[in-house]
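A short worksheet on the structure shown next.
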Amino acid sequence: MKRILLIITLCLVALTGCTSSMNASTVKFGDDLVFVKSGDTYIIDLENSTELVKSKREEVLQTLVDEETLGDVVGLTTTTANIFYQMGIMPVGAPESPSLNMEIASQQYALEETGAIDKSRVLNVGSALAPNVEAIIELNPQLALYSSAMPKADYVANLEAGGVNVSSIGQSDYIDMFVLLDVVNELTNFENSQSTELMNSMVESLKSTLEIIENADAEEKTVAILLVTEGSINVNNDATVLGQVSKALGMKNVFADSENAELNKEQLLTLNPDYIIYYSHGMGTEAVSNFEAELTSDTSIYRELDAVKNGQAFQVASEDFVFSSSVDFNIIEVIKFLAEKFYA
């Protein structure tokens with residue numbers, strides 16, 4: 001029952017015990033987020049959401065400021081540019097990357113080729129790791145954004161010295177995506193159909209996901225979350241993205257209070273979690289393949305784990321996404337994927 005109380009109650013009018021602040025259109029996810037229907041669109045219920053949600057929302061609101069600013073943003077990281085496009089906002093600048101949304105890439109131009117700024121298109125700012133600072137300064141956007149999942153790059157100081165307003169946008173927590181949509185919908189007065197539809201579809205997906213959990217066995221289940229790289233395997237605590245999601249889904253992380261240190265295999269054997277989930281940064285395909293080969297090896301210590309014996313050790317990935325620590329709108333697919341794996 002602890003799991004059910006932890007996650008959510010979809011409070012229906014027909015049920016007893018509903019208060020005036022919880023009605024048929026209220027959705028509560030995890031410990032922090034509460035949504036309520038306002039007209040045709042879900043919004044974050046700030047009265048019933050936690051202080052964490054309120055502070056995140058206020059920070060985003062102070063960063064994005066107004067609708068005019070939204071229309072004059074450079075995405076310094078590819079995921080940030082893609083996120084804005086998914087919300088129906090074309091960035092005025094974006095990195096050159098194979099991961100960039102094709103529609104954004106089709107609008108890109110290089111300043112050295114055109115010789116003139118064109119804010120009706122998308123400036124190719126070069127590599128996300130080492131962008132063309134001079135071109136961005138000449139573009140003079142109202143805001144240049146990078147992912148909070150990335151460290152603050154050295155070139156940021158040069159951009160700021162050139163008069164560019166640079167900030168990070170939250171991509172380190174599943175809450176960040178809902179907060180961003182909520183702020184954009186407010187700034188556009190709910191007239192941006194793509195952002196309002198995206199918010200609605202994500203909250204509806206949460207509702208269907210939580211129905212899976214409510215219909216499942218109430219017994220608490222345990223999980224180990226592993227970050228796989230070429231050089232090491234590290235455990236994830238509850239402060240990480242997958243730690244947060246797993247907790248919101250009612251799972252007990254066996255490394256909840258760890259320091260995200262390198263995995264101690266003997267400790268993992270002792271803890272023997274019901275599930276083992278793993279991921280890698282960026283394009284860590286080879287690291288994941290090597291780890292999976294070790295999991296199934298006849299001589300591997302992992303073979304003794306119940307999760308491996310029962311086929312409950314898996315990468316957080318599907319045909320629609322590959323999770324790699326930086327949060328984007330695919331986080332809703334991650335949540336649904338894990339709920340189905342854990343409970344369906």
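We count residues from 1, following the sequence as given. These values consider heavy atoms only, across backbone and side chains, with no hydrogens, waters or symmetry-generated copies.
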Inset, instruction - Please report the C-alpha distance between Val184 and Leu64 in whole Å, then the side-chain angles of each, then the deciding distance to 0.1 Å, and finally whether the side chain to side chain contact (heavy atoms under 4.5 Å, CB included) criterion is met. - result: CA-CA 8 Å; Val184 168; Leu64 299 183; 4.2 Å; yes

Legend entry - Gap between atom CD1 of Ile331 and atom OG of Ser205 - 0.5 Å precision: 11.5 Å

Inset, instruction - Treat each ILVMFWY residue as a node, draw an edge where side-chain heavy atoms are under 4.5 Å apart, and state whether Leu226 and Leu269 are in one component. - result: yes

Legend entry - Donor-acceptor under 3.5 Å (Asn189 side chain, Glu191 main chain): no

Inset, instruction - Take atom CD of Glu59 as the centre, draw a 6.0 Å sphere, and report whether it contains more than 12 heavy atoms from other residues, nucleotides or ligands. - result: no

Inset, instruction - Would you tell me whether Asn48 and Asp45 have side-chain atoms, one donor and one acceptor, within less than 3.5 Å of each other? - result: yes

Legend entry - Heavy-atom side-chain proximity of Thr78 to Thr80 below 4.5 angstrom: no

Legend entry - Pair Tyr278-Phe314, ring pair (Phe, Tyr, Trp, His ring centres under 6.0 Å): steps then yes or no: CA-CA 6 Å; Tyr278 52 89; Phe314 52 86; 7.5 Å; no

Inset, instruction - Go through the steps for Val27 and Glu204 under the test side chain to side chain contact (heavy atoms under 4.5 Å, CB included), then give the verdict. - result: CA-CA 9 Å; Val27 179; Glu204 288 296 331; over 6 Å; no

Legend entry - Phe255 and Leu268, any side-chain heavy atoms less than 4.5 Å apart: yes

Legend entry - Interatomic distance, Asn101 atom CG to Phe84 atom CZ [nearest 0.5 angstrom]: 14.5 Å

Legend entry - Check: Gln108 and Arg121 side chains under 4.5 Å, non-hydrogen atoms: no

Legend entry - Heavy-atom pair of closest approach, residues Ala313 and Leu295: CB-CD1, 4.2 Å

Inset, instruction - Indicate yes or no for a side-chain donor-acceptor contact from Ser280 to the backbone of Val228 under 3.5 Å, with no hydrogens or angles considered. - result: yes

Inset, instruction - Report yes or no: does Gln194 contribute a side-chain atom to a donor-acceptor pair with the main-chain N or O of Met87 at less than 3.5 Å? - result: no

Legend entry - Connected hydrophobic set around Met102, excluding itself, where side chains approach under 4.5 Å: none

Legend entry - Within-4.5 Å side-chain heavy-atom neighbours: Tyr275 and Leu338: no

Inset, instruction - Answer with yes or no whether the hydrophobic clustering places Ile89 together with Tyr85; edges join I, L, V, M, F, W, Y residues whose side-chain heavy atoms lie under 4.5 Å apart. - result: no

Inset, instruction - Check whether more than 12 heavy atoms from other residues, nucleotides or ligands sit under 6.0 Å from atom CD of Glu96, and answer yes or no. - result: no

Inset, instruction - Of all the heavy-atom pairs spanning Ser147 and Ser326, show the shortest one and how long it is. - result: OG-OG, 3.5 Å

Inset, instruction - Determine, stepwise, if the pair Asn82 / Thr79 fulfils side-chain hydrogen bond (donor to acceptor under 3.5 Å, both in side chains). - result: CA-CA 5 Å; Asn82 288 343; Thr79 55; over 6 Å; no

Inset, instruction - Could you tell me whether the side chain of Asn234 reaches within less than 4.5 Å of the side chain of Leu263, counting heavy atoms only? - result: no

Legend entry - Gap between atom OG1 of Thr41 and atom CZ of Phe190 - 0.5 Å precision: 6.0 Å

Inset, instruction - Verify side-chain hydrogen bond (donor to acceptor under 3.5 Å, both in side chains) between Asn185 and Ser195, making sure each step is shown before the conclusion. - result: CA-CA 6 Å; Asn185 287 337; Ser195 60; 2.6 Å; yes

Legend entry - Heavy-atom closest contact (Leu210 atom, Lys28 atom, distance): CD1-O, 4.0 Å

Legend entry - Short side-chain donor-acceptor distance under 3.5 Å, Glu103 and Gln107: no

Inset, instruction - List the atom of Asp274, the atom of Lys221, and the distance in Å for their closest heavy-atom pair. - result: OD2-CA, 3.3 Å

Legend entry - Residues that, via side-chain heavy atoms closer than 4.5 angstrom, fall in one hydrophobic cluster with Leu139: Val74, Leu76, Val92, Tyr109, Leu111, Ile117, Leu123, Val125, Val133, Ile136, Ile137, Tyr146, Tyr155, Val156, Leu159, Val164, Val166

Legend entry - Co-membership, hydrophobic cluster, residues Phe337 and Ile213, 4.5 Å side-chain: yes

Inset, instruction - Report yes or no: do Ile104 and Leu198 belong to one cluster of Ile/Leu/Val/Met/Phe/Trp/Tyr joined by side chain heavy-atom distances under 4.5 Å? - result: no

Legend entry - Side chain proximity check, Asn290 to Glu230, heavy atoms < 4.5 angstrom: yes

Inset, instruction - Go through the side-chain N and O atoms of Ser324 and His281 and say whether any donor and acceptor fall under 3.5 Å apart. - result: no

Inset, instruction - State whether the number of non-hydrogen atoms from other residues, nucleotides or ligands found under 6.0 Å of Lys152 atom NZ is greater than 12. - result: no

Legend entry - Counterpart residues, side-chain hydrogen bond (donor to acceptor under 3.5 Å, both in side chains), relative to Asp238 (two or more places apart): Asn253

Inset, instruction - Measure the CE-CG distance between Met150 and Leu129 for me, rounded to the nearest 0.5 Å. - result: 6.0 Å

Legend entry - Beyond-backbone contact of Asp176 with Asp173, side-chain heavy atoms, under 4.5 angstrom: yes

Inset, instruction - Give the C-alpha distance, both sets of side-chain angles, the deciding distance and a yes or no for ring pair (Phe, Tyr, Trp, His ring centres under 6.0 Å) between Phe35 and Phe29. - result: CA-CA 8 Å; Phe35 303 93; Phe29 185 76; 8.3 Å; no

Inset, instruction - Answer yes or no: is there an ion pair linking Glu304 with Lys265, defined by an N-O contact shorter than 4.0 Å? - result: no

Inset, instruction - Show your working on salt bridge (charged side-chain N to carboxylate O under 4.0 Å, His left out) between Lys54 and Glu51 and close with a plain yes or no. - result: CA-CA 5 Å; Lys54 295 174 187 176; Glu51 289 300 320; 3.3 Å; yes

Inset, instruction - Mind checking the CG-CE spacing from Leu181 to Met199? Nearest 0.5 Å is all I need. - result: 5.5 Å

Inset, instruction - Evaluate the side-chain proximity of Ile83 to Met177: yes if any heavy-atom separation is below 4.5 Å, no if none is. - result: yes

Inset, instruction - Report yes or no: do Ser148 and Ser172 form a side-chain donor-acceptor pair below 3.5 Å? - result: yes

Inset, instruction - Please round to the nearest 0.5 Å and tell me the distance separating atom CD of Gln86 and atom CG of Asn330. - result: 7.0 Å

Inset, instruction - State, to 0.1 Å, how close Val254 and Ala224 come at their nearest heavy-atom pair, and which atoms those are. - result: CG2-CB, 3.8 Å

Legend entry - Asn237 versus Ser258, side-chain donor and acceptor atoms under 3.5 Å: no

Legend entry - Intermediate values then yes/no, side chain to side chain contact (heavy atoms under 4.5 Å, CB included), Val241 and Asn236: CA-CA 9 Å; Val241 177; Asn236 273 195; over 6 Å; no

Inset, instruction - Test ring pair (Phe, Tyr, Trp, His ring centres under 6.0 Å) on Phe291 and Tyr302 and set out the steps. - result: CA-CA 10 Å; Phe291 177 67; Tyr302 295 121; 5.5 Å; yes

Inset, instruction - Could you tell me whether Glu259 atom CD has more than 12 heavy atoms of other residues or ligands within 6.0 Å of it? - result: no

Inset, instruction - Using atom types as modelled and distance alone, determine if a side-chain donor or acceptor of Thr296 lies under 3.5 Å from a backbone N or O of Ala293. - result: yes

Inset, instruction - Find out if a path of hydrophobic residues (ILVMFWY) with successive side-chain heavy-atom gaps under 4.5 Å connects Leu100 to Phe329. - result: no

Inset, instruction - Flag yes if more than 12 heavy atoms outside Asp257 fall under 6.0 Å of its CG atom; otherwise flag no. - result: no

Inset, instruction - Could you walk me through whether Ile175 and Leu52 pass side chain to side chain contact (heavy atoms under 4.5 Å, CB included), step by step? - result: CA-CA 9 Å; Ile175 293 172; Leu52 173 65; 3.9 Å; yes

